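In what follows, a structure is listed as structure tokens, so that the remarks can point back to it.
If you read the sequence from its start, that first residue is 1, and numbering goes on from there. In this text, all values refer to a predicted model and were calculated from it rather than measured experimentally.
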Amino acid sequence: MTHPYGQYPEQQPQQYYGSFHPNSSGFPAQTPSAPHYGHPGYGHPGYPTPGRTNPLAVIALVLSLLPLCGLSWIGAIVCGHIARKQIREKGEQGAGMALAGLIIGYGLVGLCALYVVVGGVLAFIGSQN
């Protein structure tokens, strides 16, 4: 039986450079000396995985952002100081959140003190009239 379009010309084997072949993965073949147990892990080798975030740092930040709930800034300051100590000791993440909770908490303390002082001065002036 002949091909309807005629004979195909005889093809020569195609040469590939190096060890790359279009049907392969592009990586050199593994040596059979060590067994392969699944795929390698995700990520890039040499980059450390991010550490655990300290939960007290998150609580300090959240409490500092809730000044309308009474005296939540006290909890923000306490949790912020404890979180910063734990982060230094354990090497956890969240130092920025703990610091932000402290800054906002102490800022609210300053605002409350200013409110008390201004209120006291106004009450004193009002009582003199």
Side-chain angles (χ1 to χ4, degrees):
M1 181 171 172
T2 62
H3 195 275
Y5 298 109
Q7 295 284 336
Y8 286 112
E10 189 173 318
Q11 293 184 349
Q12 295 183 3
Q14 198 168 9
Q15 295 292 325
Y16 298 101
Y17 295 102
S19 63
F20 178 77
H21 187 274
N23 295 333
S24 71
S25 64
F27 296 100
Q30 296 284 332
T31 58
S33 61
H36 183 66
Y37 295 107
H39 296 287
Y42 293 103
H44 299 285
Y47 291 106
T49 57
R52 178 177 168 260
T53 301
N54 188 295
L56 284 177
V58 177
I59 293 171
L61 183 62
V62 170
L63 286 176
S64 71
L65 296 175
L66 298 174
L68 300 177
C69 297
L71 303 174
S72 65
W73 48 267
I74 295 172
I77 292 171
V78 171
C79 290
H81 280 293
I82 294 172
R84 284 180 53 94
K85 181 182 178 200
Q86 289 178 353
I87 289 168
R88 279 192 308 269
E89 291 174 354
K90 298 178 184 177
E92 295 175 321
Q93 301 291 318
M97 286 189 279
L99 184 62
L102 283 171
I103 291 170
I104 295 170
Y106 280 121
L108 290 173
V109 169
L111 287 177
C112 287
L114 182 66
Y115 178 76
V116 169
V117 169
V118 169
V121 169
L122 291 177
F124 179 73
I125 292 173
S127 69
Q128 295 296 322
N129 290 330

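- Heavy-atom minimum distance, L63 versus G75: CD1-C, 3.6 Å.
- Among residues two or more places apart in sequence or in another chain, the side chain to side chain donor-acceptor pair (under 3.5 Å) test is passed with E92 by R52, N54.
- Hydrophobic clustering (side-chain heavy atoms under 4.5 Å, transitive across Ile, Leu, Val, Met, Phe, Trp, Tyr) groups V58 together with L65.
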Per-pair distances, 0.1 Å, donor-acceptor, side chain in residues 93-112, under 3.5 Å, sequence neighbours excluded:
| residue | atom | partner | partner atom | Å |
| --- | --- | --- | --- | --- |
| Y106 | OH | H81 | NE2 | 2.9 |

Considering only distance and modelled atom types, tabulate donor-acceptor pairs under 3.5 Å from the side chains of residues 119-127, sequence neighbours left out.
| residue | atom | partner | partner atom | Å |
| --- | --- | --- | --- | --- |
| S127 | OG | A123 | O | 3.4 |
| S127 | OG | F124 | O | 2.8 |

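- Taking both residues in full, the closest heavy atoms of A57 and A83 are given as N-CB, 3.5 Å, listed atom of the first, atom of the second, then distance.
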